[in-house]
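By convention in this document, chain letters (A, B, ...) are assigned in the order of the sequence lines, proteins followed by strands, and residues within each chain are numbered from 1.
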Amino acid sequence: MTHHVRVRFAPSPTGYLHVGGARTALFNWLWARHTGGTFILRIEDTDRKRLVPDSLEDIQESLRWLGIEWDEGPGVGGPYGPYFQSERLELYHRYAQELLARGAAYRCYCSSERLARVREERRRRGEPPGYDRHCRFLADEERARLEAEGAPSVVRLKVPERGTTTVHDLLRGEITFENETLEDVVLLKSDGYPTYHLAVVVDDHLMEISHVMRADEWISSFPLHALIYRALGWELPTFVHLPMILDPTGKGKLSKRKQKRADGHVEENMTMVREFREAGYLPEALFNFIATLGWAYSGDREVFGVDEAIARFELEAIRKAPAVFSYEKLEWMNGVYIRALPAEELARRLVPFMARAGIEVTAEALLPLIPLVQERLKTLADAPAYLDFFFRDAEVPPPELLVHKKMDVESTLRALKAARDALAEVEWTEEAIESRLRQLAGELGLKAGQLFQPIRVATTGKRVAPPLFGTLYHLGRERVLARVDRAIELLETALSQQE
RNA sequence: GCCCCCAUCGUCUAGAGGACUAGGACACCACCCUUUCAAGGUGGAGACAGGGGUUCGAAUCCCCUUGGGGGCACCA
């Protein structure tokens, strides 16, 4: 029973799922799947002030999108529920009471104003900010009086004044803290809700969690949690603190912040799973990339599938050092996954991104165009820019775009007219178009690019577009000729204005 | 300020005392391929933070320094 691996991801619904949270969830999930254990989703909704309405939904959606399914938790239930902390209040009260009874905790009646004052004073004196333990040493009569008055109170942990507390982390070994540096943290708030410290210990114990995998930032409160476990007489699960994911600047946790890009554009970097989804990242790519942050599949492979990751995942292989999140590498990896997709699948996934760009098209209609763009896409959201001219009129190109840098308006005009004639009668297959146009370039004494650029710009409206012959073929003769005609007119106008 | 954690190319990492002339990947540079852009191919540049130990031998073990990160709420 105790050998069965039970792990959990315990987000609080105070915001959308962050990639850091997703990585924590992923590692827990990988460990569960690797060991045939159980992965639990528990919602830590004890901060009523910071609740974000649709974040609960987003967290679940984002996890599912990544393929991280939970065995127990919201929606699926399980024998250790409820899985919302807000529905477990009486449990926390019971154990807070127990801690009180055992003399491991005490009631504190200090107002938040007094607390703020104390903190400020301590800071001024260069002492660590924190609680001065005023209520810990309240005289019995005073305590009784406050109780009789019905003064609001919180329950605080009674941290030993001296000595040390040693905890054990699977990756780091023993970590020892001077108890003097620990604070009498609040366990139960005056609104009757527990703080994280109490709730996490009670739930992890009651839910028989075998391995607590959580972010690094929890190490500093680890001794507090250990103290609670011991005060309650409970055995500690195995703790594994995962390295932080750092901002690309390497300065601080990955978080929303303005970033100035090379082109001078200031934009906010993506941090939420949903943002990556909306930006056209594939779940399998994000999954893969996130898995390489703090863990390595092997020395020479970093593109790997879910099953491979599950087979290979080991706790001991998790790195201790924080990892910088590289948007560039994620983008590259996303391209790798896009290229590996079957064309039908890519077409299907592209549909919503085309729609978002105002192009309503079916996967079937997109399918023939996939070979033209598949290896060019870094994200699904790139597709409309490559394909829009197939579905709407091409942008009217400025004349100078039509003219190759080694040509002038006149020669371009000549080339385009010749191309028009050739395209009007050539057999309409990709191969025939290509060989005819190459032949034409030779006849005109032009390099291929000198002839192809004006045709490309005329038919697509852009200088950078998918391969020309396939593009022309799929555009169809009628549209190709119409667009070439338009370009010819454009150039003629430009020419007459020149004179 | 106090406490804690961490430390291999710019970045993600392999490496768990001799197999290291420190390997792979992203990014970067050059060349090749080429109708643009990609993709692909070949090659290049690029790291064990510093200093002490331990050892026949240290990227790997220990200590110090430095640097980075995290925490110090009736938030999680």
Side-chain angles (χ1 to χ4, degrees), chain A residues 10-15 44-47 49-50 108 110-112 115-116 119 122-123 125-131 152-156 169 171-172 175-178 180-183 185-191 193-197 199-200 214-223 241 243-244 246 248 250-253 289 292-303 316 319-333 335 339 373-378 382 386 404 434 437-438 441 447-453 455-457 460 462-469:
Chain A
S12 63
T14 52
E44 310 215 325
D45 55 348
T46 57
D47 185 348
K49 293 183 218 84
R50 295 201 310 155
C108 167
C110 293
S111 66
S112 50
L115 261 20
R119 253 200 307 277
R122 302 184 123 224
R123 204 196 328 270
R125 272 181 283 153
E127 287 172 32
Y131 182 52
S153 67
V154 300
V155 174
R156 284 184 185 272
D169 177 274
L171 265 19
R172 298 153 234 272
I175 307 171
T176 298
F177 294 78
E178 294 290 335
E180 288 173 23
T181 66
L182 268 26
E183 196 183 359
V185 284
V186 172
L187 263 20
L188 208 57
K189 302 184 253 186
S190 57
D191 65 0
Y193 279 73
T195 59
Y196 172 81
H197 307 297
V200 76
R214 60 196 343 182
D216 242 359
E217 55 192 329
W218 291 110
I219 290 181
S220 32
S221 44
F222 190 5
H241 288 92
M244 293 263 116
L246 266 31
K251 299 274 175 204
K253 304 195 247 189
F289 178 71
T292 65
L293 261 25
W295 179 69
Y297 177 82
S298 74
D300 56 8
R301 243 191 93 193
E302 37 203 349
V303 177
E316 288 76 11
R319 281 182 51 93
K320 297 192 286 274
V324 170
F325 191 96
S326 168
Y327 289 92
E328 280 175 340
K329 192 153 186 177
L330 201 216
E331 192 170 75
W332 162 78
M333 194 173 273
R339 271 170 254 136
V373 294
Q374 184 154 20
E375 69 187 23
R376 270 159 262 270
L377 299 179
K378 296 250 192 291
D382 292 341
Y386 278 114
H404 190 276
E434 171 163 9
L437 288 180
R438 285 194 188 283
K447 301 265 259 186
Q450 291 175 306
L451 174 63
F452 297 168
Q453 177 178 319
I455 301 175
R456 173 181 304 109
V457 174
T460 68
K462 4 179 162 251
R463 202 163 206 154
V464 174
L468 186 59
F469 314 113

Counting the atoms with a prime plus P, OP1 and OP2 as sugar-phosphate, which does [X] contact under 4.0 Å by heavy atoms, base, sugar-phosphate, or nothing?
X       : value
P11(A)  : nothing
P13(A)  : nothing
I219(A) : sugar-phosphate
R172(A) : sugar-phosphate
F177(A) : sugar-phosphate
F469(A) : base

Would you mind reading off the distance between [X] atom [atom1] and [N] atom [atom2], rounded to a whole angstrom?
X       : N       : atom1 : atom2 : answer
R339(A) : rA39(B) : CZ    : P     : 6 Å
L182(A) : rC4(B)  : CG    : P     : 10 Å
L330(A) : rA25(B) : CG    : C1'   : 14 Å
K320(A) : rC5(B)  : NZ    : C1'   : 10 Å
E180(A) : rG1(B)  : CD    : P     : 20 Å
E316(A) : rU60(B) : CD    : C1'   : 18 Å
Q374(A) : rC37(B) : CD    : C1'   : 16 Å
W332(A) : rC26(B) : CH2   : P     : 5 Å

Kindly give the heavy-atom pair with the smallest separation between [X] and [Y], and that separation in Å.
X       : Y       : answer
R456(A) : A465(A) : CD-CB, 3.9 Å
A448(A) : A441(A) : CA-CB, 4.3 Å
P248(A) : V324(A) : CA-CG1, 3.5 Å
R339(A) : W332(A) : NH2-O, 4.3 Å
V154(A) : S190(A) : CG1-N, 3.6 Å

Give a yes or no on whether the backbone of V186(A) and the side-chain of T195(A) come within a donor-acceptor separation of less than 3.5 Å.
->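 Flag set: sc T195(A) to bb V186(A) pair under 3.5 Å.
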Backbone of Y131(A) reached by a side-chain donor or acceptor of E183(A) within 3.5 Å =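 Yes, E183(A) side chain to Y131(A) backbone: donor-acceptor pair under 3.5 Å.
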Electrostatic pair R172(A)-D216(A), nearest N-O below 4.0 angstrom = yes
Say we look at [N] and [M]: how far apart would their [atom1] atoms be, to the nearest angstrom?
N       : M       : atom1 : answer
rG69(B) : rC74(B) : C1'   : 28 Å
rG24(B) : rG68(B) : P     : 31 Å
rU8(B)  : rG44(B) : P     : 25 Å
rG23(B) : rU66(B) : C1'   : 28 Å
rC20(B) : rC56(B) : P     : 23 Å
rG50(B) : rU34(B) : C1'   : 49 Å
rU11(B) : rC48(B) : P     : 12 Å
rG40(B) : rC33(B) : C1'   : 8 Å

Return the nucleotide paired to [N]: Watson-Crick means purine N1 to pyrimidine N3 with N6-O4 or O6-N4, wobble means G-U with N1-O2 and O6-N3, both under 3.5 Å.
N       : value
rA7(B)  : rU66(B)
rC28(B) : rG44(B)
rU35(B) : none
rC72(B) : rG1(B)

Give, for atom NE2 of H241(A) and atom CD1 of I175(A), the distance between the pair rounded to the nearest 0.5 Å.
->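 Here the interatomic distance stands at 7.5 Å.
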Distance, nearest 0.5 Å, that separates CG of L171(A) from CD of E316(A) |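 L171(A) atom CG to E316(A) atom CD measures 8.0 Å (nearest 0.5 Å).
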Which listed nucleotide (rC3(B), rC26(B), rA39(B)) is nearest to the side chain of K378(A)?
-> rA39(B)
Got more than 12 heavy atoms from elsewhere within 6.0 Å of NZ, K447(A)?
-> no
What pairs of nitrogen or oxygen atoms, one from the protein and one from nucleotides 70-74 of chain B, lie under 3.5 Å apart?
residue: rG70(B); atom: OP1; partner: K253(A); partner atom: N; Å: 3.0
residue: rG71(B); atom: OP1; partner: E217(A); partner atom: OE1; Å: 3.4
residue: rG71(B); atom: OP1; partner: K253(A); partner atom: NZ; Å: 2.8
residue: rG71(B); atom: O4'; partner: S220(A); partner atom: OG; Å: 3.2
residue: rG71(B); atom: O2'; partner: S220(A); partner atom: OG; Å: 3.0
residue: rC72(B); atom: O2'; partner: P129(A); partner atom: O; Å: 3.1
residue: rC74(B); atom: O2; partner: S190(A); partner atom: N; Å: 2.7
residue: rC74(B); atom: O2; partner: S190(A); partner atom: OG; Å: 2.8
residue: rC74(B); atom: N3; partner: S190(A); partner atom: OG; Å: 2.9
residue: rC74(B); atom: N4; partner: C110(A); partner atom: O; Å: 3.2

How does protein contact run along nucleotides 41-48 of chain B, one letter per nucleotide 5' to 3', with B for base contact, S for sugar-phosphate only, - for none, heavy atoms under 4.0 Å?
-> --------
Has R301(A) got a side-chain N or O lying under 4.0 Å from the OP1 or OP2 atom of rG24(B)?
-> no
Do R376(A) and P467(A) have side-chain heavy atoms sitting under 4.5 Å apart?
->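 Result yes, sub-4.5 Å side-chain heavy-atom pair found.
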Student check: side-chain heavy atoms of Y386(A) and T460(A) closer than 4.5 Å | no
Between E328(A) and R456(A), the residue closer to the 5' end of RNA chain B by nearest nucleotide is E328(A)
Please write out the pairs of protein N or O atoms and N or O atoms of nucleotides 11-14 of chain B separated by less than 3.5 Å, giving the distance to one decimal.
residue: rC12(B); atom: OP1; partner: V324(A); partner atom: N; Å: 2.9
residue: rC12(B); atom: O2'; partner: T292(A); partner atom: O; Å: 3.0
residue: rC12(B); atom: O2; partner: K329(A); partner atom: NZ; Å: 3.3
residue: rU13(B); atom: OP1; partner: G294(A); partner atom: N; Å: 2.3
residue: rA14(B); atom: OP2; partner: R319(A); partner atom: NH1; Å: 3.0

So, for Y327(A) and F289(A), is the gap between ring centers shorter than 6.0 Å?
-> no
